[in-house]
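First the structure, in the form of structure tokens, and then the observations on it.
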Amino acid sequence: MKALLLRDLRLAFRAGGGFGLGLAFFLIVVMLVAFAVGPQAELLSRIAPGVLWIGALLACLLSLDRLLALDFEDGSLDLLATAPLPLEAALSVKALAHWITTGLPLVVVAPALGVLLNLPPQGFAWITIALLVGTPALSVIGTFGAAITVGIKRGGLLLSLLVLPLYVPTLIFGAEVARRGAQGMDVSTPLLMLAGITFGVLACMPFASAAVLRVNLR
Amino acid sequence: MSLWKYANPVKFLHLSERVLPTLWVLSIACVATGLVWGFFFTPDDFRQGSTVKIIYLHVPSALMAINAWFMMLLASLIWLVRRHHVSALAAKAAAPVGVVMTVIALVTGALWGQPMWGTWWAWDPRLTSFLILFLFYLGYMALWAAIEDPDSAADLTSVLCLVGSVFAVLSRYAVNFWNQGLHQGTSIPVATGERSVADVFFVPLVIAMIGFGLLFLALVFYRTGTEIRLRRTKALLAREART
């Protein structure tokens, strides 16, 4: 498991692995939103939590189709499937690697982009916590989407159609945590719901992902 | 005599040929009676005027939009557990019917909402969850269309249907949490038996609901038959191409 994790991380960090693309994309989305709605500070600060979440969502989505497709093409997925490690575990590790390479950097830079969007000071901690709790769910759900579309040529668009509706609950609770935090309200209910979704998804989703991947490798 | 014998396509086609004429007649009669009665022979509501009559389209279609997904879920489970092809094809056949029902419910709701709420669309929990359901239907159908091998397509869409059901329920609660509702609660709570719809409106509504249910059944039977024949044709063509 550790070897697989290290391999995926090394592949992502190596040149051409696409690490940092997600971050740049995140930055561009935030910048474009500021261009689109205009530079009024109070408006930006009101929509900042939502914009940061949308940016994180899209940046996550962007890197999903390379999550399994490359391994599928060069045959290493077949090797993984026949390895003694259960496919469920292998996919969990892959989701973890995806989170470390895309989710975690987003969490780290989100406060910096919050400054650009004029996020109120009390919101910084909560947007970071919300993203930290919510982004693992995005990676795990995304792995399911990637596993479904792995055999399909040009499955990228289909992948977003399948995965984005599944992101709805995470997005609602995540953005709610960030919004309430920014306004200085009590965040415990949405935060607990968000954590519940993340843990539930972590526990159940790898089985669904492995099931569809087995079908695709058949 | 068990239900499972209809897993055999020949038996299923035989059954659907026997049942379909009755189903068509009954469903069209019910839908026509319900709608005509509802549109022309019920009084106008004293506050809503004649806009109340859209209920005869809106409620039955919304009901069937959700039930169609349940039927797909059931059919997908049967396919995953017992591997009956008819079941997978029935799920495939039900999706377009369900998506049409969803669209009818959304459009009629918007038409009613414009004079009554003063807006075509509100980000209300019920409206939003229907929109999400619509997206799930689209994704499901797109996945069926994208995969060539019929067996893996059936497997993948079945798992997607299962996962989608869980997330549809989750989204429903999340959306409830997210925004307070503008949409009224159910008019016909089955459990308590107290309904907020007067008798004059209620009888044609029930007839229309039964009619939509039967229409859905008839359409699914019909479309499943078409899918079975389509697959047979493909098999025949493939066999001919080989010889």
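No hydrogens, no waters, no symmetry mates; every other heavy atom, side chains included, goes into these values. We name chains A, B, ... by the order of the sequence lines, and we start the count at 1 in each one.
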ask   = Looking at B/T128, B/L162, B/L138, B/V159, which makes the most heavy-atom pairs under 4.5 Å with chain A?
value = B/V159

Those residues of residues 157-178 of chain A, ordered by number, that approach chain B below 4.5 Å (heavy atom to heavy atom) = A/L158, A/L161, A/L162, A/P165, A/L166, A/V168, A/P169, A/I172, A/F173, A/E176

ask   = Is there a donor-acceptor pair closer than 3.5 Å between any side-chain N or O of A/N216 and the backbone N or O of A/A147?
value = yes

query = Is the charged tip of A/R180 near the ring of A/W126: under 6.0 Å from the six-membered ring centre and within 45° of its axis?
reply = no

key: B/L215 to B/S27 - nearest heavy-atom pair and separation   = N-CB, 3.4 Å

task = Specify which of B/L156, B/L135, B/D149 makes the most heavy-atom pairs with chain A at under 4.5 Å.
result = B/L156

key: Heavy-atom pair with the smallest gap, counting every atom of B/A90 and B/V220   = O-CG1, 4.3 Å

request  = Say whether, by atom type as modelled, one donor and one acceptor occur between the side chain of A/S76 and the main chain of A/F72 under 3.5 angstrom.
outcome  = no

ask   = Going by residue number, which parts of residues 187-208 of chain A are within reach of chain B, meaning a heavy-atom gap below 4.5 Å?
value = A/T189, A/P190, A/I197, A/V201, A/M205, A/A208

B/Y137 side chain to B/A65 backbone, donor-acceptor under 3.5 Å = yes

remark   = Note: vs chain A, highest number of non-hydrogen pairs under 4.5 angstrom among B/L143, B/I132, B/I147 is B/L143

key: Minimum heavy-atom distance between A/L67 and A/A146, given as atom pair plus value   = CD2-CB, 4.2 Å

message = Counting only non-hydrogen atoms closer than 4.5 Å, can you tell me which residues of residues 131-143 of chain A sit against chain B?
response = A/I141

task = Show the numbers, then the answer: is there a ring pair (Phe, Tyr, Trp, His ring centres under 6.0 Å) between B/F136 and B/F167?
result = CA-CA 10 Å; B/F136 277 128; B/F167 274 88; 7.6 Å; no

task = Please confirm whether B/R83 makes a cation-pi placement over B/W79, using NZ or CZ under 6.0 Å from the six-membered ring centre and within 45° of the ring normal.
result = yes

remark   = Within residues 33-57 of chain A, contacts to chain B at heavy-atom distances under 4.5 Å involve none

key: Salt bridge flag under 4.0 Å for residues A/E88 and A/R214   = yes

remark   = Nearest heavy-atom contact between A/F124 and A/P111 is CE2-O, 3.1 Å

key: Closest heavy-atom pair and its distance - B/A91, B/S76   = CB-OG, 4.2 Å

key: B/L89 CG to B/F12 CZ distance, which is reported to the nearest 0.5 Å   = 9.0 Å

ask   = Heavy atoms, side chains only, cut-off 4.5 Å: are B/W123 and B/L127 in contact?
value = no

query = Under 4.0 Å between a Lys/Arg side-chain N and an Asp/Glu carboxylate O for A/R218 and B/D151?
reply = no

ask   = Do B/S152 and B/D155 have side-chain atoms, one donor and one acceptor, less than 3.5 Å apart?
value = no

message = Under a 3.5 Å threshold, yes or no: a donor from one side chain and an acceptor from the other, between B/N8 and B/H84?
response = no

